[in-house]
Amino acid sequence: MLPPGKSVPKGLGGRAARTHLAADPVLGPVVRQVGAFTLKPERREPYEALVRAIAHQQVHGRAAEAMLRRLIGLFPEHDFPPATAILTLEDGALRGCGFSGAKAAAIRDIAQKTVGGLVPTLRAATRLPDEELVQRLVALRGVGRWTVEMLLIFTLGRPDILPLDDFGVREGYRHAAGLDAQPKPKELAAIGAAWAPYRSAAAWYLWRAADLAKDGRFKAPTAL
């Protein structure tokens with residue numbers, strides 16, 4: 001719920017998001033360490049974003065990109081193969097690109113549901129509320145809430161998404177708050193209410209905090 005007088009921002013918030021989060025006692029020091037909020041959504045069709053997300057599940061990024069290059073190479077006339085093209089592939093073609101059986105089945109299901117209209121176009125998706133998109137897309141094979149939340153942030157540029165099940169977000173908060181253990185998702189949801197309507201930016205700063213800590217460059221907080 002937004003504070004009285006606040007409206008949902010357009011885009012991810014930019015400078016306004018940074019200013020809002022800088023006032024938070026836990027996120028403020030992170031914002032000052034990281035600096036400007038630079039996330040820029042990569043606008044693409046939800047179908048393509050979902051296929052790419054499936055490719056990246058549980059594998060190294062380079063391996064996922066190699067599989068996607070092979071898939072795109074099957075249809076050189078397209079920048080990315082449309083859903084109808086995926087459905088023309090013979091059994092085994094997706095496996096030949098390196099996708100596991102489960103991923104191949106998920107990609108085919110996403111293509112089928114795109115042709116059938118369940119997966120909206122980018123234009124249609126921009127008019128749908130966050131939670132409606134979540135509920136529609138988690139019905140897809142291999143797609144969970146986290147995957148849809150990544151689409152909402154990185155493809156659609158929705159400003160107020162906090163992925164509560166994301167390891168990096170919770171790990172970033174653990175370091176930012178000087179905790180011994182990560183907060184549970186319900187705990188983080190309650191904490192993150194103060195970050196609305198810029199919770200996507202908050203997630204981005206927490207990811208950066210986790211990255212800095214992993215590299216040994218995060219400045220531990222002083223007593224709050």
Side-chain angles (χ1 to χ4, degrees), residues 1-44 46 49 53 122-123 125-134 137 145-224:
M1 183 180 295
L2 300 181
K6 294 288 185 179
S7 59
V8 175
K10 294 182 179 180
L12 286 165
R15 185 177 299 176
R18 180 182 177 182
T19 300
H20 177 70
L21 299 174
D24 185 85
V26 172
L27 278 185
V30 176
V31 171
R32 287 186 282 277
Q33 285 187 61
V34 173
F37 174 48
T38 59
L39 175 61
K40 302 293 183 185
E42 189 168 358
R43 305 285 281 185
R44 51 171 48 119
L122 177 59
R123 183 177 180 181
T126 60
R127 299 193 293 266
L128 294 174
D130 298 340
E131 193 58 31
E132 183 174 340
L133 278 167
V134 170
L137 298 180
R145 186 180 185 92
W146 179 88
T147 300
V148 184
E149 289 171 338
M150 297 303 101
L151 181 147
L152 289 169
I153 295 172
F154 292 102
T155 300
L156 300 180
R158 298 295 173 90
D160 203 28
I161 305 297
L162 184 61
L164 299 172
D165 294 316
D166 187 275
F167 178 89
V169 167
R170 288 187 285 120
E171 183 69 0
Y173 188 83
R174 181 179 78 81
H175 287 287
L179 303 177
D180 293 329
Q182 293 182 357
K184 300 296 184 184
K186 286 186 178 179
E187 295 176 287
L188 189 58
I191 293 165
W195 305 333
Y198 300 109
R199 283 176 282 195
S200 298
W204 184 85
Y205 276 110
L206 292 173
W207 279 318
R208 302 289 75 74
D211 290 342
L212 288 171
K214 186 176 180 180
D215 293 340
R217 295 186 292 120
F218 183 74
K219 298 176 184 177
T222 56
L224 298 176

Exercise for the section: Applying salt bridge (charged side-chain N to carboxylate O under 4.0 Å, His left out), run through E42 and K40 and close with a yes or a no. Expected result: CA-CA 6 Å; E42 189 168 358; K40 302 293 183 185; over 6 Å; no

Problem - side chain to side chain contact (heavy atoms under 4.5 Å, CB included) assessment of L162 paired with V169 - result: CA-CA 8 Å; L162 184 61; V169 167; 4.1 Å; yes

Handout entry: Steps toward side chain to side chain contact (heavy atoms under 4.5 Å, CB included) verdict (L152, V134)
Key = CA-CA 9 Å; L152 289 169; V134 170; 4.0 Å; yes

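For R127, the side-chain contact (heavy atoms from CB on, under 4.5 Å) partners at least two apart in sequence or on another chain are R123, A124. Listed by chain and residue number, nothing satisfies the salt bridge (charged side-chain N to carboxylate O under 4.0 Å, His left out) test with R43 (two or more places apart in sequence, or in another chain). Residues satisfying the ring-ring contact (aromatic ring centres under 6.0 Å, His included) test with F218, not counting sequence neighbours, are none. R174 meets the salt bridge (charged side-chain N to carboxylate O under 4.0 Å, His left out) test with E171; sequence neighbours excluded.
Side chain of Y205 to main chain of G35: a donor-acceptor pair is present (N/O by atom type, distance under 3.5 Å, no hydrogens or angles). Between the side chain of S200 and the backbone N or O of I153 there is no donor-acceptor pair closer than 3.5 Å. Judged by distance alone, the side chain of H20 and the main-chain N or O of A196 form a donor-acceptor pair under 3.5 Å. Under the 3.5 Å distance criterion, the side-chain polar atoms of E187 are matched with a main-chain donor or acceptor of K184.
Looking at L156 and L133, their side chains come closer than 4.5 Å, going by heavy atoms from C-beta outward. Side-chain contact check for M150 versus P163: some heavy-atom pair is nearer than 4.5 Å. A 4.5 Å side-chain heavy-atom check between Y173 and L27 finds every atom pair outside the cut-off. By the 4.5 Å heavy-atom criterion applied to side chains, W204 and V34 are counted as neighbours. Using a 4.5 Å heavy-atom cutoff, the side chains of L12 and P41 are in contact. When side chains are defined from C-beta on, F167 counts as touching Q182, because their heavy atoms get closer than 4.5 Å.
When all heavy atoms of A210 and G168 are compared, the closest pair comes out as CB-O, 3.6 Å. Nearest heavy-atom pair across V26 and A177 is CG1-N, 3.9 Å. Residues G13 and Y198 share a closest heavy-atom pair of CA-CE2, 3.7 Å. Closest approach of R18 and V31 over heavy atoms only: CG-CG1, 3.5 Å. Of all heavy-atom pairs spanning L188 and R170, the tightest one is CD2-CG, 3.7 Å.
Here the CG atom belonging to L212 is positioned 10.0 Å from the NE2 atom belonging to H175, to the nearest 0.5 angstrom. Taken to the nearest 0.5 Å, the CG atom of L137 stands 7.0 Å off from the CG atom of L151.
Here salt bridge (Lys or Arg N to Asp or Glu O under 4.0 Å) pairs that include residues 200-209, with residues two or more places apart or in two chains, are R208-D211. Pairs engaging residues 21-39 under the side-chain hydrogen bond (donor to acceptor under 3.5 Å, both in side chains) rule: D24-W195 [sequence neighbours left out].
Less than 6.0 angstrom separates the ring centroid of F154 from the ring centroid of W207.
Within a 6.0 Å radius of CD in E131, other residues, nucleotides and ligands contribute more than 12 heavy atoms.
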